[in-house]
Structures are given as C-alpha cells and as structure tokens.
Amino acid sequence: MPEHPEVRQITNMINNNFSTVKFNAFQQKQISDKQQSLQINGEYYIHADQRGKQLKLNISFEPVQKLQQSNYFGTFTTQQTKNDFSIIIGFGLLGYFSIDSTPNLNALLSFQNKNMHLNLVSKNPQTVYYYLGDYNLARGPDPIFQQEDFKVLVLKTNFKDKNISDILMNQRYFNGVGNYLRSEIIHRANIHPFKAISYLDPEFINLVISILEEAFSFTSNAVLFNNWLKCYGKASNCIKDKNNRSIWTFRPIREKQTIQSSSNDIKDIQKFLTMMSIK
DNA sequence: TATCCATGATTAG
DNA sequence: TAATCCTGGATAA
C-alpha cells in the first residue's frame, strides 16, 4: 500500500476524522528488541503530517486550535506547545491504519478512547518502523508539498549514469516513490528501465508529480486504482533489480545491460533553475 | 507440504 | 551486493 499517494490518503483520513477527537489511552506491541518504547500519558489529540513516505503524528495535549499553513501549498501543520511531541512512522511494505471498535491484538501502535481504536497494523510488521522525533532529513523533500525544493534538488543532481530504475527508488531524491510508482513512471515516460541518466529534465519531473497526483486521486477506490495501473504487475516482462525487487516493463529485457543516456538538454535545465531563481 | 512473494529499508562485509 | 527483519497469502509440487 504505502507509497506517497497512500500515505497522503492516510494523512487526510486521520485529519478529517480525528482533528477534534480526544484520545485517552495508548498501547504498543513490542515486536523486536530495537523497537523504541513509547508512552502517552493523559488525554491527547492527534494531527498527521507527511513528508514522502514518512508520516508524522503530532501528539498534543491541548485541542488543536491554530492550524498554521505551511510554506508549501496544501499542507497544514499544528503549532506545538511545550509538552507536545511527534512520532514518525514508516509503513513498510503493507502497513496501514485501521479503525476498530474492539481491541486488535495485531496493532503495533494503538491510539484509543472508549469509542474506538486507531490502530497501526501490517501483514509485514518487520518492515514497519516508528520513532520519536522528526522526519529523516537524509530522505528527500516531499515531491508534492515541498515541490520547489524537490524540483531543484532533482534537476541539479548529476546521477552519474545510474539507471533510471535505481534513481527512482533512491529516497534521498524521490522520497515517496516505491516499486509500483517506479514501474508506472518509467512506463509512462516511455523509456527503458535501464536507461542511464546523468541529468533529468523538467518534463520528466513534471510527469513524476502528475503521476503522484493521479495515483492519489484513485487511492480510495481499489477497482479504479487497479484499472489505473498500466504496468506494475501487468507488463509482459519482469526482472529483479539489485535489491531483488521486481521491475515490470513491456520493453524487451536484454542482459543486465545499461542503455546509453541520451544527450541532455542542459539549456532547458538552466532555464528552469533561473526561473526558480536558483543559480 | 514447500516455496515464493509482497506498494520497504537497514546493516554487515 | 547479500543478508536481514520474519507475517501470511498465493502458488508450485
């Protein structure tokens, strides 16, 4: 489930349903020794925020009154008071939030009041992580909510002839792109998964952004979403990447060969950077 | 019954 | 690059 569009859906779900809801209990299931032990004492409120594939749960002990618009369109952050703190969540391969009316023994984290439980669950709990603190800044800016930062970073980066499949999965640049989006993006860009890249062009970045938006618009309907997928799990060819993850493609797969990069339009990139007032 | 596989990410060598 | 985290459903045998 959780790539950028799904995390965005979860963020909205939490804020739409629970912005005025008071919680008064919390439980954590210990699944490994290195899992940080969390406690929440007293009554609290929850507000969610997103950066790429990471979700931030702001735990505040006062009702969320002031919603402050952030620098980037579309996203809001709460103003934190002294005792407030944040939990960062990575959903791994199959994590999601479920709203339950009875205790769920599989819940990794459970935010509760007498009416319902907001539970973090997963069929792959070992791939889920969470910690107290803030976003991992080794991961790149959010491609939607920090769009200018994202564009500038990606456009000025020299990827040194790495192939496009590896580049798209690198969370330092494409925080939020995962395995299904990779296949869809490469398919829609009509390039070979092993094409070598030095510089990406603005058109490609805009395609990435619009695909993230498209996927998000279908996240609430499984049938429409599956229909929207054109390549992932459907293409004629499938090959493993260096991390043993599937790359789906309609392109013929030659031996693990790197396809030559085409000449990049440097003028285009510089024009864009000038437009963004970046040297 | 055994094996494979999953929209992820870190760690060791 | 390979191994690891280690669940559970689908598929192969």
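So that the names make sense, note that chain A is the first sequence line, chain B the second, and so on, each numbered from 1.
Taking 4.0 angstrom as the limit, A:Thr127 places none of its side-chain polar atoms (N or O) nearer than this to OP1 or OP2 of B:dA6. Note on A:Lys53: a side-chain N or O is less than 4.0 Å away from OP1 or OP2 of B:dG8. The side chain of A:Lys240 contributes no N or O atom lying less than 4.0 Å from OP1 or OP2 of B:dC4. The phosphate of B:dA6 has neither OP1 nor OP2 within less than 4.0 Å of any side-chain N or O from A:Arg245.
Atom CG in A:Asn244 sits roughly 10 Å away from atom P in C:dA3 (whole-Å rounding). Across the protein-nucleic acid pair, A:Gln126 atom CD and B:dT11 atom P stand 16 Å apart, rounded to whole Å. At whole-Å resolution of the value, CD1 in A:Ile10 and P in B:dG8 are 13 Å apart. Put simply, CZ on A:Arg182 is 14 Å from C1' on B:dA6, counting in whole angstrom units. As a whole-Å value, the separation of A:Leu93 CG from B:dC4 C1' is 14 Å. The CG-C1' distance, from A:Asn175 to B:dA9, rounds to 12 Å in whole Å. Rounded to an integer number of Å, the gap from A:Asn124 CG to C:dC6 P is 12 Å. In this structure, CZ of A:Phe174 is placed 15 Å from P of B:dG8, rounded to the nearest angstrom.
Judged purely by distance below 3.5 Å, without hydrogens or angles, the side chains of A:Gln9 and A:Thr219 pair a donor atom with an acceptor atom. A donor-acceptor contact closer than 3.5 angstrom is absent between the side chains of A:Asn136 and A:Arg139.
In this structure, A:Asn179 reaches the sugar-phosphate backbone alone: every heavy-atom distance under 4.0 Å involves primed, P, OP1 or OP2 atoms, never a base. Residue-level contact check: A:Ser122 touches neither bases nor backbone, having no heavy atom under 4.0 Å from any strand.
For the side chain to side chain contact (heavy atoms under 4.5 Å, CB included) test, residues two or more places apart in sequence or in another chain that qualify with A:Thr157 are A:Leu153, A:Phe159, A:Tyr173. Legend: residues meeting side chain to side chain contact (heavy atoms under 4.5 Å, CB included) with A:Ile185, ordered by chain and number and at least two apart, are A:Leu168, A:Val177, A:Leu181, A:Phe204, A:Val208, A:Ile211.
The neighbour count for A:Gln35 CD, taken as heavy atoms of other residues, nucleotides or ligands under 6.0 Å away, is above 12. No more than 12 heavy-atom neighbours from other residues, nucleotides or ligands sit within 6.0 angstrom of NZ on A:Lys22.
As rounded to the nearest Å, C:dG9 and B:dA9 have C1' atoms that lie 23 Å from one another.
A continuous path of ILVMFWY side-chain contacts below 4.5 Å connects A:Ile40 to A:Leu118, so both sit in one hydrophobic cluster.
Against DNA chain B, the stretch residues 217-225 of chain A makes no heavy-atom approach under 4.0 Å.
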